[in-house]
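Atom set for the values below is all heavy atoms of this structure, side chains included, hydrogens, waters and symmetry mates excluded. Computed from a predicted structure; not experimentally measured. Numbered from 1 within each chain, the chains take letters A, B, ... in sequence-line order.
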Number of protein chains: 2
Amino acid sequence: MKKIIIVEDNKDVQEAFQLLIETQTSNYEVVNAYGTCEDAINNLEVDLPDIVLMDIDLPGMNGIEGTRNIRQTLPRTDILIISVHENSQYVFDALCAGATGYITKNSNHTQLLRALDEVSAGGAPMSTQIAKLVVKSFRRESESPLTNRETDVLNLLAEGKSYMDIADQISVSKDTVKFHIKNIYLKLQVSNKIEAVTKAKSEGFI
Amino acid sequence: MKKIIIVEDNKDVQEAFQLLIETQTSNYEVVNAYGTCEDAINNLEVDLPDIVLMDIDLPGMNGIEGTRNIRQTLPRTDILIISVHENSQYVFDALCAGATGYITKNSNHTQLLRALDEVSAGGAPMSTQIAKLVVKSFRRESESPLTNRETDVLNLLAEGKSYMDIADQISVSKDTVKFHIKNIYLKLQVSNKIEAVTKAKSEGFI
DNA sequence: CTAAAAACTACCCTTATGGGTAGTACGTCA
DNA sequence: TGACGTACTACCCATAAGGGTAGTTTTTAG
């Protein structure tokens, strides 16, 4: 039997979740429900939840700070964010804070219960649109101003290779490598390796 | 009717997918199946697929390069990776290359068909363990071996500052900065700025 | 076919970087 | 109290990196 606590300030939603879990499942029990993270955190040692269902918009400490906080105390507890926000910043912040999954409030009952099962199975449930956001964050969209050769050179530079290493690897002279790098700096408006690599990475050129 | 192409060198798997899609769905049709990315790419303009089912281990161009390539030609086509690898590097590389979803080959028929529906609905299907990997990548767990001072120095280094810049900024001598950097290299087992910054970032130290 | 764009080579010069070695000073934990 | 970790300073040396200039060849696009 997995112990669940709910952190949700809207009483109706809180009760709906509780009812749903208690009537529709036999593997989960809601040991407590709180309206604020502060309250939940104060009782963590007593509740020892396996799973926390966490809202984001909460009075006082928000759900993301709460997530970070709870994970420090109970690192093995899974925290499932249930939020109205599909905004990418919220999602990433929550995941960075240590949330296990992120589903939206408009998910239906079946989806919520499946999410609980997925969490228990070591998974990371995310609603379709959320998963899309996460995947999108891995993608590079923008057009690179760099030529293929320059991109090759920059990639090697990013690996920590020296001019000579790069020259050997792409079979050109050291001066040619230097030439390409000078052009890269010009295009990216930087003046050293680190800045070039950092900028190129953030822009998705490499 | 969504058009699908399959890129998979194993004939049995290829035919299994094809059969599955043709017999179990009415919204999808397999317009072609190829054993290599090269073949698939050569026929892209003719096939104009809505969805590409892509293997990773392929003779010649691998599935990740293939994904990058296809996305350049047909940016609106969804590419669903179907791979045996649950290795995080493969997953991230695939997502970075522009894959829409990543499911493992041991997924059952229902899961594969659901993945197709999710892709069509604008989602990003991932099998449970894959989603977990992705979520984990947002997390920072490890303890930094660096002292506070070293971390400060490394952060400035990561901004592209020179030894002198850093010295001025933290009000120590250039030699002291050098000293810290030497220790950073020692601790991170690297030998230049780029490697240090890259490693520290990937380990979450900065 | 021709004019760019891209890739390439070369040389000069200054500063930055990385590696080695040798110390001092301060706080803390055993 | 004495070893250890941290922070700091200093000097030497070789090589890497960055910036400037001046060209040739190859590819690509109009």
Side-chain angles (χ1 to χ4, degrees), chain A residues 140 142-206, chain B residues 38 41-42 44-45 68-69 72-73 142-206:
Chain A
R140 43 189 87 129
S142 51
E143 260 317 285
S144 173
L146 305 177
T147 66
N148 291 338
R149 202 52 157 185
E150 286 162 355
T151 307
D152 292 343
V153 170
L154 192 49
N155 270 308
L156 292 166
L157 208 58
E159 290 171 22
K161 301 278 173 66
S162 70
Y163 290 7
M164 264 314 292
D165 291 342
I166 298 173
D168 288 348
Q169 190 131 4
I170 65 174
S171 304
V172 298
S173 73
K174 182 175 126 183
D175 281 311
T176 300
V177 172
K178 226 159 153 180
F179 169 84
H180 287 308
I181 289 176
K182 276 184 274 196
N183 285 329
I184 292 169
Y185 291 174
L186 204 65
K187 289 184 180 174
L188 300 186
Q189 289 287 293
V190 298
S191 60
N192 63 55
K193 296 197 283 186
I194 296 253
E195 285 178 347
V197 169
T198 306
K199 185 148 190 174
K201 277 188 180 163
S202 79
E203 305 271 337
F205 301 156
I206 60 170
Chain B
E38 287 84 349
I41 289 166
N42 283 334
L44 274 187
E45 258 91 13
R68 212 185 320 272
N69 207 303
Q72 280 182 352
T73 313
S142 51
E143 263 314 287
S144 174
L146 304 178
T147 66
N148 291 337
R149 201 53 155 184
E150 286 162 356
T151 307
D152 291 343
V153 170
L154 192 49
N155 269 308
L156 291 166
L157 207 58
E159 290 171 22
K161 302 276 172 67
S162 70
Y163 291 6
M164 265 314 292
D165 290 343
I166 298 173
D168 288 348
Q169 191 131 359
I170 65 174
S171 303
V172 299
S173 74
K174 182 175 126 183
D175 280 310
T176 300
V177 171
K178 224 161 153 179
F179 169 84
H180 288 309
I181 289 176
K182 276 185 273 197
N183 284 328
I184 292 169
Y185 290 175
L186 205 65
K187 289 183 180 175
L188 301 185
Q189 288 288 292
V190 298
S191 59
N192 64 55
K193 297 198 281 186
I194 296 254
E195 285 177 349
V197 169
T198 306
K199 185 147 189 174
K201 278 187 180 166
S202 79
E203 305 272 337
F205 301 156
I206 59 169

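Minimum interatomic distance between B:K187 and B:P145 (heavy atoms only, all atoms of both residues): NZ-O, 3.3 Å. Shown here for B:K193 and B:Y185, the closest heavy-atom pair between the two residues is N-OH, 3.1 Å.
Taking the side chain as every heavy atom from C-beta outward, A:L188 and A:L154 approach each other to under 4.5 Å. Two residues are said to be in side-chain contact when any heavy atoms from C-beta on lie closer than 4.5 Å; A:T151 and A:T147 fail this criterion. Residues A:R149 and A:I170 are in side-chain contact: their nearest non-hydrogen atoms beyond the backbone lie under 4.5 Å apart.
When the C1' atom of D:dA17 is taken as reference, atom CD1 of B:I181 falls 15 Å away, rounded to whole Å. Going from atom CG of A:N192 over to atom P of C:dT17 covers 8 Å, rounded to whole Å. Taking atom CD1 of residue A:I194 and atom C1' of nucleotide C:dT17, one finds them 12 Å apart after rounding to whole Å. Rounded to whole Å, the distance from NZ on B:K174 to C1' on C:dA16 is 7 Å. We find that CG of B:L146 is positioned 10 Å from P of D:dT6, with the value rounded to whole Å. For B:L186 and C:dG18, the CG to P distance is 14 Å, given to the nearest whole Å. The distance between atom NZ of A:K178 and atom C1' of C:dT14, rounded to the nearest whole Å, is 11 Å. At whole-Å resolution of the value, OH in B:Y185 and C1' in C:dG18 are 7 Å apart.
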Problem set entry | Per-nucleotide protein contact string for nucleotides 24-30 of chain C, where B marks a base within reach and S marks sugar-phosphate only (heavy atoms under 4.0 Å, - for neither) | -------
Problem set entry | Base-contact (B) and sugar-phosphate-only (S) positions in nucleotides 3-8 of chain C, heavy-atom cut-off under 4.0 Å, - elsewhere | ---SSB
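Taking CG from B:N192 and CG from A:D165, the interatomic distance works out to 9.0 Å, rounded to the nearest 0.5 Å. Expressed to the nearest 0.5 Å, how far CD1 of B:I181 lies from NZ of B:K178 amounts to 9.5 Å. Here CD1 of A:I206 is found 9.0 Å from CG of A:L146. Values are rounded to the nearest 0.5 Å. In this structure, the separation between NZ on A:K201 and OG1 on B:T198 is 4.0 Å, given to the nearest 0.5 Å. Taking CE of A:M164 as the start and OG of A:S173 as the end, the distance is 9.0 Å to the nearest 0.5 Å. With rounding to the nearest 0.5 angstrom, the CG atom of B:L157 is 5.0 Å from the CD1 atom of A:I194.
Distances shown here put a side-chain N or O of A:K193 below 4.0 Å from the OP1 or OP2 atom of D:dA17.
With D:dG18, D:dC12, C:dC11 as the choices, the nucleotide that has an atom nearest any side-chain atom of A:D175 turns out to be C:dC11.
Within residues 153-167 of chain B, no residue has a heavy atom under 4.0 Å from DNA chain D.
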